[in-house]
Amino acid sequence: MGTADASSKAMEFSLAEKKPKVIFVLGGPGSGKGTQCANIVQHFGYTHFSAGDLLRAERDSGSENGNMIQNMMNEGKIVPSEVTIKLLEKAMLESGNDKFLIDGFPRNEENRAAFEAVTKIEPEFVLFFRCTEEEMERRILKRNQGRDDDNIETIRKRFKVFLESSLPVIEYYKAKGRVREIDASKSVEEVFEAVKVIFTPKAEEVKKCCVIL
């Protein structure tokens with residue numbers, strides 16, 4: 001147990017020491033954040049992690065941790081924040097990069113507080129894809145064509161969970177001036193144009209202006 005604690009502390013220290021640039025990416029189901037994360041990775045060299053994907057990969061690995069995650073999911077319980085955060089830390093350290101998009105996390109205030117306490121890292125900002133429920137529902141139904149109509153109920157439950165759990169996180173960072181909000185109801189191309197403005201360094205923008213002039 002002592003060895004595990006020591007390696008965990010070493011991991012925390014080395015990750016915080018790297019001073020990585022972390023951006024949380026939040027948005028309701030169907031807001032298009034996955035598509036835009038792929039664009040950001042391609043154009044700006046970030047590494048993209050989905051907390052859900054990391055948990056599923058660990059669950060399928062057959063490790064002791066994976067068995068615990070499987071059991072909790074089977075019982076409908078939420079996996080403890082620390083477990084998700086440790087997986088994120090490990091993936092960030094192993095990536096070799098220092099710029100990260102963390103997609104769909106933190107899901108709630110407890111996730112947020114735990115991430116900052118465990119990693120000693122605050123996000124550079126939160127990239128929030130705002131989209132109306134009507135538009136998100138339309139996109140998901142289009143994407144899920146052929147499934148049962150009662151899938152609408154599942155979609156609406158997911159909207160409700162997002163509003164209740166994730167909006168307080170967005171409000172917390174908004175109060176600190178760390179939210180960059182995007183109108184995600186537009187086309188993929190238009191949304192990415194707005195994203196590019198946020199990710200393009202100011203010096204580069206000035207240089208472009210000078211060249212045009």
Side-chain angles (χ1 to χ4, degrees), residues 4 6-27 31-61 63 65-66 69 79-108 111-129 166 169-170 172-173 176-182 184 188-189 191-208:
S7 68
S8 171
K9 280 178 184 165
M11 186 164 73
E12 286 163 31
F13 177 72
S14 55
L15 184 61
E17 193 181 44
K18 277 179 73 175
K19 295 185 171 56
K21 186 174 186 176
V22 171
I23 293 166
F24 291 147
V25 183
L26 295 176
S31 60
K33 57 188 172 59
T35 300
Q36 296 303 332
C37 280
N39 284 337
I40 295 164
V41 167
Q42 188 180 344
H43 287 81
F44 297 101
Y46 279 74
T47 296
H48 172 219
F49 291 121
S50 157
D53 287 350
L54 288 173
L55 281 169
R56 283 185 286 274
E58 185 68 17
R59 177 197 65 190
D60 297 340
S61 71
S63 69
N65 227 10
I69 291 166
V79 176
S81 293
E82 284 73 13
V83 173
T84 307
I85 292 161
K86 293 295 178 198
L87 291 174
L88 282 166
E89 277 188 312
K90 184 169 180 283
M92 288 160 79
L93 277 170
E94 288 175 353
S95 76
N97 202 350
D98 62 354
K99 300 192 298 183
F100 303 99
L101 301 173
I102 299 182
D103 176 5
F105 184 92
R107 287 186 181 275
N108 53 40
N111 277 175
R112 177 203 65 73
F115 182 87
E116 291 189 9
V118 172
T119 64
K120 308 293 185 280
I121 294 165
E122 279 194 52
E124 194 88 1
F125 58 84
V126 174
L127 187 62
F128 173 38
F129 290 98
S166 299
V169 174
I170 292 160
Y172 172 86
Y173 284 117
K176 302 183 89 168
R178 292 194 180 199
V179 172
R180 307 290 181 270
E181 195 170 308
I182 297 279
V188 171
E189 294 74 23
V191 172
F192 189 53
E193 284 306 312
V195 168
K196 280 198 282 193
V197 171
I198 291 168
F199 281 83
T200 302
K202 294 287 177 278
E204 214 174 286
E205 285 180 9
V206 171
K207 202 160 78 175
K208 280 181 186 171

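Distance check: K21 NZ to L101 CG gives 10.0 Å after rounding to the nearest 0.5 Å. For the atom pair SG (C37) and CD1 (I102), the distance works out to 10.5 Å, reported to the nearest 0.5 Å. Considering CZ of F129 and CD of E181, their distance stands at 11.0 Å, rounded to 0.5 Å. Atom-to-atom distance recorded for I40:CD1 and T35:OG1 is 11.0 Å, nearest 0.5 angstrom. Annotation: the span from R56 atom CZ to I69 atom CD1 amounts to 11.0 Å, rounded to 0.5 Å. To the nearest 0.5 Å, the span separating CD on E122 from CZ on R112 amounts to 8.5 Å.
The only member of L127, V126, D103 that meets side chain to side chain contact (heavy atoms under 4.5 Å, CB included) when paired with F24 is V126.
Contact record, N97 with K18: O-NZ, 3.2 Å, taken as the closest heavy-atom pair. Heavy-atom minimum distance, G104 versus R107: O-CG, 3.3 Å. Minimum heavy-atom separation, M92 to S95: O-OG, 2.8 Å. What you find for F115 and I85 is that their closest heavy atoms are N-CD1, 3.3 Å. Across L26 and K33, no two heavy atoms sit closer than the pair C-CD, 3.9 Å. Of all non-hydrogen atoms in I182 and I198, the two that sit nearest each other are CD1-CD1, 3.4 Å.
Remark: the backbone N or O of N108 is not paired with any side-chain donor or acceptor of S166 at under 3.5 angstrom. Remark: side-chain polar atoms of Q36 are paired, donor with acceptor, to backbone N or O of V188 under 3.5 angstrom. Between the side chain of K99 and the backbone N or O of I23, no donor-acceptor pair lies under 3.5 Å.
Between V169 and F128, every side-chain heavy-atom pair lies at or beyond the 4.5 Å cut-off. Under the 4.5 Å side-chain criterion, counting only non-hydrogen atoms from C-beta, Y172 is not in contact with R178. At a threshold of 4.5 Å between non-hydrogen side-chain atoms, the residues E89 and V118 count as touching. No side-chain heavy atom of K90 sits less than 4.5 Å from a side-chain heavy atom of K86.
Ring pair F199/Y46: centre-to-centre distance below 6.0 Å. A centroid separation of less than 6.0 Å is found between the aromatic rings of H43 and F192.
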Margin query: Assess the residue pair N39 and V195 against the criterion (side-chain contact (heavy atoms from CB on, under 4.5 Å)); give the C-alpha distance rounded to whole Å, side-chain angles, the decisive distance to 0.1 Å, and a yes or no.
Written below: CA-CA 9 Å; N39 284 337; V195 168; over 6 Å; no
Notebook entry, point to check: Checking side-chain contact (heavy atoms from CB on, under 4.5 Å) for the pair N111/T84: CA distance, chi angles, key distance, verdict?
Noted result: CA-CA 9 Å; N111 277 175; T84 307; over 6 Å; no
Next item on the list: Begin with the C-alpha distance, continue with both residues' side-chain angles, and end with the deciding distance and a verdict on side-chain contact (heavy atoms from CB on, under 4.5 Å) for T200 and F44.
Entry: CA-CA 8 Å; T200 302; F44 297 101; 4.1 Å; yes
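Taking the six-membered ring where tryptophan is involved, the planes of F49 and F100 are essentially parallel, since the angle between them stays under 30° and well short of 60°.
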